[in-house]
Every structure is written in structure tokens, then in C-alpha cells.
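A short worksheet on the structure shown next.
If you read the sequence from its start, that first residue is 1, and numbering goes on from there. Hydrogens, waters and symmetry mates play no part in the numbers below; they use all other heavy atoms, side chains included.
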Amino acid sequence: MKSHLLALITTALCGESVWSQLPDDPSGSALLQQAQRSITAYHAGQPKSGAVLRVVYFHPNDRDPLPDYAGRLDRVLNDVSDFYRDGLRRFGIANDGLPLERKDGRLVLHVVQGKLVASAYNYASGDETAKEIRAALKPVLDLDREHVLVIYGLCRKEPDGRYVFDAPYYGGGNQRGGLCHAADCELLDPRLLTETGKPMVFTEHYYARVEKSVAGFNTMYLGGLAHELGHGLGLFHDSAAQDETTLGTSLMGMGNLHYRNEISGGKSPAFLARVSALHLASHPFFSGSNRGRWDEIDGGIKAPTFISEPDVLRIQGKAAGAIAPYAVVAYVWETRATDHSSRTFPIALADGSFELVLTGLRPALYFMRLTSLHVNGGATWEDYHFGFDAAGKPETPQQFNWPWPVVQAEKALLKNELRSRALLSDESIARASEADQRLLRVLRGTLDPAEPADLAAISSETAWLSDARWTEATVGWGKVARNHGMFDSKQHQSLFLMLGGQIFEKGLYAHSPSRYAFDLGGRWKTFTATVGVRDGAGDAGSAFFRVIGDGKELHRTPSLNVGARATVNLSVVGVKNLELITESGQSHNHGSWAIWAEPAVRR
């Protein structure tokens, strides 16, 4: 065993492939090779794109970059590049890894000193730092048309030896461009993946205290960087196909926690799943061509047919588009979990026609993302949900619980498409059914939010706090939002506030830890709300809800997980300052997508 481990360590640190430790995947290789023929034919004769991964090092104005940052990050990015290179080569896709920007053989780092002190930045500062980077490097790189990785020198070491991370850590993108964020640390170095006997303690956004070896820390944070970079290149969460799960843990599932852990004897190492490789094969980084990169796909999968059998769901259809599709993938996960656990069902295309056979599904409620991959590196998708009937057969999938006009309008908003205004115009809403109009008006409220009302000026018997002016508002992830969920170019969750399948038109997005404060002025008698963690948040998410009146706790719910909800109905007679607070029910706030639904005060 010692000699085997030593061989693994030596192989990895010398930059050579460790994929010989994984068995061949004949079905995966056949899938990729069929797809590669379509991709290669499309890009044949095209000039080399010259696209490279741009790496930015961001540090605050009161701190220097962390020690040996240039040398360490050169090793980090080379190692991550090798991981992607070997993952694709395993399926017969010839490549040299990520096209890193280099000068004289070394990684190019674009160093940006922030305008603010370190304490002003945190996990949710990605939009602000992107603005600073855009301004500082405007002549050098284009955040809208390139793939950019930002690594933050925002880690500090406390007197007790604990490392504290206050950096953004997420990613998003597609074939046109992408932006992802990751954290630096003086101990971040693939050379330290063997340091199993050296302890380390750190605090980050999701976890108040983590005790790991230095090797374990590097597995987690190198893996996190590789995972978020995958999102920056357009990859979805992907827990792999069922027959791949014996190999280890898919990088785009929870593999960020298992990166290179085979070096230290880990039993479930991270690997690049076949669907992740299938998606990357057409990316400009690996096709080497910009043909069609910025063109509209103008297609996808239209009106698929679903055939239900005992324990099996068949999906038949045809993918098409101005940019030809080369594969179709169904990502399927239980609604009680997150899409990190999605199982994948891929097929390579010849003429666009396909049949997917979804097996291994137990009776439960599921989300499904039916995706078409196109030769320019782009993707289109539709989201569905389905359950099982009493006889154990999957029910026909539905596009969530709202019809096509609502689905289209929500998708356009999430993608920041110009057509969203046309889809939500007065004329479009008027043509919809009465039920659809209600949902479309909720969506239009994200485009043209009403001016918040002054509670002191309201004369009616009831006032929605989600429509009222607050005196203070903070959330633990993203930005505060009224009457819809938080969303941006990276976070494509549903805009609707949903608890137990019910959509609420009024509510406050309140990912914990959150706080909304209102000046009641002693003019209201009761406060009511329905509270819970939004549908689809996953098992890791929980929250409890507190109502504070003039500094005194008036109500506290138990910790609620997805599927549980509680009703709040209490007296606020004489209360001047009302605070609505959420906190995670666990030691971290991962997945704590809390909602105050229909929060109202009454006279």
C-alpha cells in the first residue's frame, strides 16, 4: 500500500497523468468520439481562436498579495489544467489542458488592488469586485467576451492560528465568456497535497470552523477552484451517470471535496464525468475555434414525447437549431436534494433525433433539465418536474407548475435577455389566462419594481411589508429582494417564492443570516407571515425565523428544513421597530434559502 501511494504521489507531482488509476470507459469513449466527429466537422478549416483563460489576482488596498502568490498559483493552475487535460484524454479527446495565458512559460497574473480595505469585502462581493476589475483592466481584458478567473488575496490568519476566508467563491458562464471567483491562501499549493499530518483550522462563508489537515484543505480548495472554473466554462452540476459512480466523485457533483485525494489515500477521488467532458468538447478552449461562438443557437428541443413505464421514463424528440446540436443530456435529481446530486443520461446525435431511457429512478419527486449541446459550445435547456403515480410509474413531466408564457418570460429574465420586456408587456400579459397573468405580473415586478410605501402614510387596514420601505435589510447570500427570489447572471434559481409547491406573490427573500427592519411607529396590532426554506433548496438547507419587537424577541420558530413551513401570527401592539431575522439551523448556512411569505401588519 505504501509503495502504491508513493507512486501516486510521485506521478501527480511530476505533472503526469494519474488516470491510469481509473478503468477505461468504453461507453463514455464511444459517446465522446461520436460527438467529436460532429464538432470537428463544424470547426474544420477554421483559424485557431487564440482564446486563453485570463487570471486576475485581487487584493484589498490595506494588504499586499499573499506570500509567493505568483509561484503557488502557477502550480495551482497547471495542476487544475492537468486535471481537465487528463479527464478529456481519458475519453480520447486530444488536448493540452486549459489554454492558460503565459509569458516566458509562466502564468500571467493581472494584479488588481481593490479600492477598499479587506473588511469591506466578503463572500457576496463578487459584483462589486467585478466592477473594480472591469475598470482597472478595461484596456487589457473584456469580462463580457473572455473567460476570467479571479483569485482573491483576502485570507487572513488569526492569532489563534485559524485562517479566515472572506472571498467570493462561485462561477458562471458559457461558450462566450465566464467569470468565476476563488480564494487564495498561503497554504494553497498542490505540493502540499501530501501534508496529511499537518493540521489546519479555517473559517469560511459556509462553515464557522473546519479542522482539516493541510492536505485536506488543499483537496477542498483546489477542488473548489476546479469546480467553479467548470461553471465558468458553462458546466452544470453533474453527479455522473449511474455506472460511473464506482469511479469516485464527479468534479461537478461534490468532487470539489475530493480533488486529488487519491494522493493521500482517499477512497473516492474526483474525476471528470463523461457528460462534463461531452459538454467541454465543443467549448472554444478545446475545439480551438471561435466559429459560431457569439451566434444565437435559435433552437433546442421542441415538444419532446414522454413515455412512462414501470420504473422507466423514455424521452423521445428531436433537437435542432441554426447551430447544429451534437448531443442531448437529461440531468435528473430529487427535489429534496440539490442539482449537485443530478444523475445524467446522455446521447450523441446523428440527425438530431434521440431517445433517452431514464432508469434507476425510485418513487420520488424529481427535477429534470433536458439539455441540447451545440457544436459552437452553447447549450439550450428546459426545466421540468415529475413524480410517480400509485402504480410506481413516472408521471408525465411538466415544465414546473406554470405554463409556457411564464416559463419563457422567467427564462428570459434569468438570462437578462432583451426580449423579456416584450414577453412581459401589457399586451402579452393581457393575452394570457387569468392564472398566468398573476405570475407574469410577479415577473414584471422584477423589471419595474414599485416604489416602496411609507408605512406611516398607509391608511388601509393591512400593509404588506414586502411592499413597504425598510430601515435596514441584509441577507447572507446575494442581494435583498422583495416579492421574488434573488437572481443574477450567475444564480439561475427560480424567481418565484415557493413553499410546498405554492407560489407566493408577496414575500421577502431572506437567505440566512438575514435581517429586515421596519418602522411600525406603534400604529399596528398584528403581524402575520408564512415562513420556510424555498422548494428545491436541498437537504443541507435549514433556517429558523425570529421576530424582534423593540429589541425583545416576540417569536421564534423551530429549525425548518425544505418541505416544512410555519405560520406566524402575533401581536405587535405598541411596537415601533420590528425586525425579521433568519438564522441557519446548522453550523453553516449552505442552502439556507429562507422566505418570509406574505409578511403583513394589520391594524
Side-chain angles (χ1 to χ4, degrees), residues 39 42-43 45-58 77 80-81 84 95-103 107-112 125-152 168 170-182 225-226 228-236 279-300 321-324 373-381 411-420 487-492:
I39 297 166
Y42 177 77
H43 293 286
Q46 294 295 306
K48 291 293 184 182
S49 70
V52 294
L53 177 66
R54 314 296 291 273
V55 183
V56 174
Y57 192 87
F58 185 97
L77 267 297
V80 171
S81 175
Y84 277 95
N95 74 102
D96 295 321
L98 298 170
L100 301 174
E101 184 182 10
R102 303 179 192 270
K103 184 177 181 179
L107 176 72
V108 174
L109 290 171
H110 300 275
V111 180
V112 174
S125 297
D127 289 344
E128 289 72 19
T129 57
K131 291 177 183 177
E132 293 191 37
I133 292 167
R134 188 185 297 273
L137 299 176
K138 185 175 181 180
V140 179
L141 59 80
D142 186 344
L143 288 182
D144 299 317
R145 292 171 67 88
E146 296 188 86
H147 292 85
V148 180
L149 166 65
V150 184
I151 301 178
Y152 292 87
Y170 52 87
N174 52 38
Q175 82 281 7
R176 295 172 176 173
L179 178 64
C180 46
H181 311 266
L225 187 152
E228 300 307 337
L229 183 56
H231 286 316
L233 300 180
L235 297 184
F236 299 120
H279 199 155
L280 287 175
S282 61
H283 192 281
F285 276 4
F286 300 103
S287 71
S289 163
N290 279 337
R291 184 184 178 190
R293 181 173 176 181
W294 289 280
D295 294 346
E296 293 297 331
I297 292 171
D298 192 23
I323 305 294
L373 303 180
H374 297 257
V375 289
N376 67 340
T380 68
W381 65 90
K411 180 183 291 187
L413 281 169
L414 290 173
K415 293 183 178 180
N416 196 27
E417 295 177 354
L418 293 176
R419 68 188 180 115
S420 58
F487 72 102
D488 58 26
S489 60
K490 299 171 288 296
Q491 189 68 37
H492 290 176

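Nearest approach of Gln175 to Gly378, heavy atoms of both residues: OE1-CA, 3.3 Å. Nearest heavy atoms, Ile297 versus Ala379: CD1-N, 3.6 Å. In this structure, Val112 and Ala136 approach most closely via the heavy-atom pair CG1-CB, 4.0 Å. The minimum heavy-atom distance linking Phe285 with His147 is given by the pair CZ-CB, 3.7 Å. The nearest pair of heavy atoms linking Pro168 to Gly126 is CG-N, 3.6 Å. Leu98 and Tyr84 get closest at one heavy-atom pair: CD1-CD1, 4.2 Å.
Summarising the geometry, atom CG belonging to Leu100 is positioned 9.5 Å from atom CG belonging to Leu149; distances are rounded to the nearest 0.5 Å. Rounding to the nearest 0.5 Å gives a distance of 7.0 Å between CG of Leu225 and SG of Cys180. The distance from the CG atom of Leu233 to the NE2 atom of His231 is 10.5 Å, given to the nearest 0.5 Å. Here CD1 of Ile39 is found 8.0 Å from OG of Ser287. Values are rounded to the nearest 0.5 Å.
Two residues are said to be in side-chain contact when any heavy atoms from C-beta on lie closer than 4.5 Å; Leu53 and Val80 fail this criterion.
Judged as a side chain to side chain contact (heavy atoms under 4.5 Å, CB included), and not counting sequence neighbours, the contacts of Asn174 are Arg176. Remark: Tyr57 pairs with Asp184 by the side chain to side chain donor-acceptor pair (under 3.5 Å) rule, at least two apart or across chains. Residues that satisfy the side chain to side chain contact (heavy atoms under 4.5 Å, CB included) test with Asp295, not counting sequence neighbours, are Ile323. Listed by chain and residue number, Val52, Glu101, His110, Val140, Leu141, Glu146, Val148 satisfy the side chain to side chain contact (heavy atoms under 4.5 Å, CB included) test with Arg54 (two or more places apart in sequence, or in another chain). With sequence neighbours left out, His43 forms a side chain to side chain donor-acceptor pair (under 3.5 Å) with Ser289. Remark: Tyr152 pairs with Phe58, His181 by the ring pair (Phe, Tyr, Trp, His ring centres under 6.0 Å) rule, at least two apart or across chains. Residues that satisfy the salt bridge (charged side-chain N to carboxylate O under 4.0 Å, His left out) test with Arg134, not counting sequence neighbours, are Asp144. Taking the side chain to side chain contact (heavy atoms under 4.5 Å, CB included) definition, one finds that Asp298 meets it with Ala322, sequence neighbours left out. Qualifying ring pair (Phe, Tyr, Trp, His ring centres under 6.0 Å) partners for His374, counting only residues two or more places apart in sequence or in other chains: none. The side chain to side chain donor-acceptor pair (under 3.5 Å) search around Asn290 returns Arg293, not counting sequence neighbours. Under the side chain to side chain donor-acceptor pair (under 3.5 Å) criterion, Arg291 pairs with no residue at all, not counting sequence neighbours.
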